[in-house]
Amino acid sequence: MSHLKKELKTSNMLLDWYKTNKRALPWRESSDPYIIWISEIILQQTRVAQGMDYFYRFTERFPDVASLASAEEDEVLKYWQGLGYYSRARNLHAAAKSIMDKFGGVFPSEYKDVLSLKGIGEYTAAAIVSFVWNKPYPVVDGNVFRVLSRLYAVDTPIDTTSGKKQFTELAGIVMNPEKAGAHNQAVMEFGALQCVPQNPDCEACPLKECCMAYASHTVQSFPVKQNKTKTRPRYFHYLYIIYKGQTWLSRRGKKDIWEGLYEFPLIETEQPADFAALQETDAFRHLFDGAGKLNVSVDIPEIKHVLSHQVLHTAFYRVEIEKISDALNSYLAVPYKDIERYAVPRLVHIYLEKLNGNLSE
DNA sequence: AACCCGGGGAA
DNA sequence: TTCCCAGGGTT
């Protein structure tokens with residue numbers, strides 16, 4: 001654990017830069033581990049601007065561990081609606097219950113205890129214990145990968161096991177253990193504002209003198225990544241079924257996107273299908289067997305919804321029925337005025353907004 | 001080690 | 001379009 005002179009100087013320069021350049025963010029006003037925890041989970045793979053309103057709403061409704069633990073999972077998901085990566089919300093809820101049961105309702109301060117909570121990995125555990133208690137655990141997030149890979153011209157791919165291990169070790173060497181909390185935040189803020197992914201302004205960088213990538217004019221080639229993501233198309237057909245002021249929803253299950261969120265009855269096809277083709281599917285026949293005559297309307301055109309690894313080609317059909325089919329009894333009957341009470345995927349929310357827009361015109 | 005999980009902003 | 005964001009869990 002050698003803390004060399006050069007690293008100490010680097011850390012001090014980052015701390016100086018941070019002092020004058022850090023953004024005023026609401027969670028930086030708090031030393032409550034609960035507040036820090038919520039902010040860290042929201043900010044996973046999420047930009048500050050995108051998560052800000054969610055942070056305010058969430059911490060107002062659930063101001064502490066006890067209030068979160070005693071809530072219904074559906075309500076927690078509702079406060080997460082639209083933010084994505086919904087396992088974060090489910091894990092937050094489960095972890096809050098775990099803190100009540102195993103830690104007497106007091107947020108744990110031991111690294112290993114924090115790490116044991118659902119949804120908290122090495123990064124988030126290090127962030128919480130260093131920010132709140134100044135414990136010497138280095139954070140390694142996307143910013144740290146970028147800053148360190150450039151400073152030391154490390155070309156090990158960051159998305160590999162050995163890469164993560166190597167950068168974690170390097171982060172520990174660069175960190176000043178006596179100022180762990182401030183240092184960790186300084187590196188990340190530096191990565192977010194100065195050492196940015198595309199076209200960083202290296203001439204204005206206070207660390208350009210000691211940056212190996214800058215010296216060799218290879219800043220843009222860091223960090224190195226290995227895996228390339230591939231997307232697959234999917235074809236969704238939602239049935240917004242209307243009967244006497246009510247509609248039907250279902251709760252999505254495990255091993256697919258949007259676990260725990262609600263949606264209209266869904267038929268997925270392997271290939272693109274128009275309504276004529278959809279009517280010929282077994283799923284469609286089963287769903288409406290015994291529903292009488294169908295009055296189908298297409299209020300909005302197909303929506304292309306892009307996720308990280310999937311492109312959803314989605315059609316919505318509004319279907320008025322004459323009788324309740326047997327198949328519908330396995331769904332949740334809901335007065336359609338109450339749909340907004342349920343957490344739905346962004347895609348479904350978009351549809352409902354457009355539909356309301358059309359109706360009010 | 002490979003794969004899965006959302007949504008949005010910036011270039 | 002492409003990249004990537006205060007990552008983590010499952011298999």
Side-chain angles (χ1 to χ4, degrees), chain A residues 18 22-23 25-28 36-55 77 80-92 94-95 114-128 130-131 137-147 157-165 167-168 171 181 183-193 195-200 220 223 225-232 234 252-261 303-312 343-350:
Chain A
Y18 181 60
K22 73 172 184 179
R23 292 167 289 183
L25 301 172
W27 42 88
R28 287 188 173 148
I36 304 302
W37 173 41
I38 301 302
S39 72
E40 287 303 329
I41 301 300
I42 287 176
L43 292 171
Q44 285 173 3
Q45 296 296 291
T46 305
R47 294 171 191 280
V48 167
Q50 188 184 355
M52 188 70 79
D53 287 345
Y54 285 86
F55 172 80
L77 278 170
W80 213 264
Q81 174 176 310
L83 194 55
Y85 284 152
Y86 299 94
S87 66
R88 293 184 291 176
R90 300 193 308 271
N91 289 335
L92 268 180
V114 177
L115 187 62
S116 76
L117 297 170
K118 272 196 171 185
I120 296 185
E122 287 184 21
Y123 162 76
T124 305
I128 292 172
S130 70
F131 295 178
Y137 291 86
V139 294
V140 183
D141 75 330
N143 294 301
V144 177
F145 278 125
R146 187 169 57 255
V147 171
I158 62 173
D159 52 353
T160 60
T161 302
S162 65
K164 286 182 176 64
K165 186 180 175 187
F167 278 96
T168 301
H183 171 89
N184 281 340
Q185 295 190 66
V187 183
M188 289 193 288
E189 192 78 335
F190 185 76
L193 300 181
C195 196
V196 294
Q198 302 298 327
N199 305 318
Q220 281 290 8
K225 285 193 166 186
Q226 186 172 261
N227 303 137
K228 46 272 173 191
T229 61
K230 56 180 183 296
T231 64
R232 69 177 169 115
R234 298 178 75 176
R252 291 187 63 88
K254 297 183 181 300
K255 296 180 179 177
D256 202 350
I257 56 175
W258 303 330
E259 180 185 339
L261 272 62
I303 297 176
K304 191 172 86 170
H305 192 67
V306 180
L307 306 180
S308 296
H309 299 276
Q310 304 178 17
V311 179
L312 309 178
V344 300
R346 178 79 180 129
L347 170 63
V348 174
H349 188 69
I350 290 170

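Quick note on labels: first sequence line is chain A, next is B, and so on, each numbered from 1. The model shown is predicted, which means the values in this text are computed figures rather than measured ones.
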Could you state the atom-to-atom distance from [atom1] of [X] to [atom2] of [N] in whole Å?
| X | N | atom1 | atom2 | value |
| --- | --- | --- | --- | --- |
| A/Q198 | C/dC5 | CD | P | 10 Å |
| A/K225 | C/dT2 | NZ | P | 15 Å |
| A/D53 | B/dG8 | CG | C1' | 14 Å |
| A/H183 | C/dA6 | NE2 | C1' | 14 Å |
| A/L77 | B/dG6 | CG | C1' | 13 Å |
| A/Y85 | B/dC4 | OH | P | 12 Å |
| A/K230 | B/dC3 | NZ | C1' | 8 Å |
| A/I128 | C/dG7 | CD1 | C1' | 13 Å |

5' precedence on DNA chain B between A/A49 and A/W258 (nearest-nucleotide basis):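 Upstream on the strand: A/W258.
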When you get a sec, tell me which of [options] is the closest nucleotide to the side chain of [X]?
| X | options | result |
| --- | --- | --- |
| A/D256 | C/dG8, B/dC5, B/dG7 | B/dC5 |
| A/R146 | C/dC5, B/dG7, B/dC3 | C/dC5 |
| A/K255 | B/dG6, C/dT11, C/dG8 | C/dT11 |
| A/D141 | C/dA6, B/dG6, C/dC5 | C/dA6 |
| A/P345 | C/dC5, B/dG7, B/dA11 | B/dG7 |

Is there a donor-acceptor pair under 3.5 Å between the side chain of [X] and the backbone N or O of [Y]?
| X | Y | answer |
| --- | --- | --- |
| A/E259 | A/K254 | no |
| A/N143 | A/Q185 | no |
| A/S116 | A/V114 | no |
| A/R232 | A/V311 | no |

* To do: Output the residues of residues 39-47 of chain A in contact with DNA chain B, where contact means a heavy atom of the residue under 4.0 Å from an atom of the strand; sort by number or write none.
  =>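 Going residue by residue through residues 39-47 of chain A, the ones with a heavy atom under 4.0 Å of DNA chain B turn out to be A/Q45, A/T46, A/R47.
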### Task
For B/dG6 versus C/dC4, give the span between their C1' atoms, rounded off to a whole number of Å.
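13 Å, rounded to whole Å.
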Between B/dA11 and C/dA6, how many Å separate the two P atoms, rounded to a whole number?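 Looking at atom P only, B/dA11 and C/dA6 are 14 Å apart.
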Determine the contact category for [X]: base if any of its heavy atoms lies under 4.0 Å from a base atom, sugar-phosphate if only primed atoms, P, OP1 or OP2 are that close, otherwise nothing.
| X | value |
| --- | --- |
| A/W27 | base |
| A/E122 | sugar-phosphate |
| A/N199 | sugar-phosphate |
| A/G82 | sugar-phosphate |

_One thing to verify: whether A/D256 and A/R234 come together as a salt bridge, which I'm taking to mean a side-chain N less than 4.0 angstrom from a carboxylate O._
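Between A/D256 and A/R234 there is a salt bridge, with a charged N closer than 4.0 Å to a carboxylate O.
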Salt bridge or not for A/E189 and A/R28, using N-O below 4.0 Å?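 Here A/E189 pairs with A/R28 in a salt bridge, since their nearest N and O are under 4.0 Å apart.
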Answer yes if the side chains of A/R88 and A/N91 hold a donor-acceptor pair under 3.5 Å, and no otherwise.
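Side-chain D/A pair, A/R88 to A/N91: absent.
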Can A/Q44 and A/T124 be counted as having a side-chain donor-acceptor contact under 3.5 angstrom?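 Result is yes, a qualifying pair exists.
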Ignoring backbone atoms, establish whether [X] has a side-chain N or O less than 4.0 Å from OP1 or OP2 of [N].
| X | N | answer |
| --- | --- | --- |
| A/H309 | B/dG6 | no |
| A/Y86 | B/dG7 | yes |
| A/S308 | B/dC4 | no |
| A/Q81 | B/dG6 | no |

Check your understanding: Are A/Y54 and A/W80 near enough that their ring centres are under 6.0 Å apart?
Key ->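 For A/Y54 and A/W80, the ring centres are not under 6.0 Å apart.
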### Task
May I ask you to verify whether the side chain of A/R28 and the base of C/dA6 hold a donor-acceptor pair under 3.5 Å?
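Yes, the side chain and the base share a sub-3.5 Å donor-acceptor pair.
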Taking for each residue the nucleotide of DNA chain C with the nearest heavy atom, is it A/P223 or A/V140 whose nucleotide lies nearer the 5' end?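 Result: A/P223.
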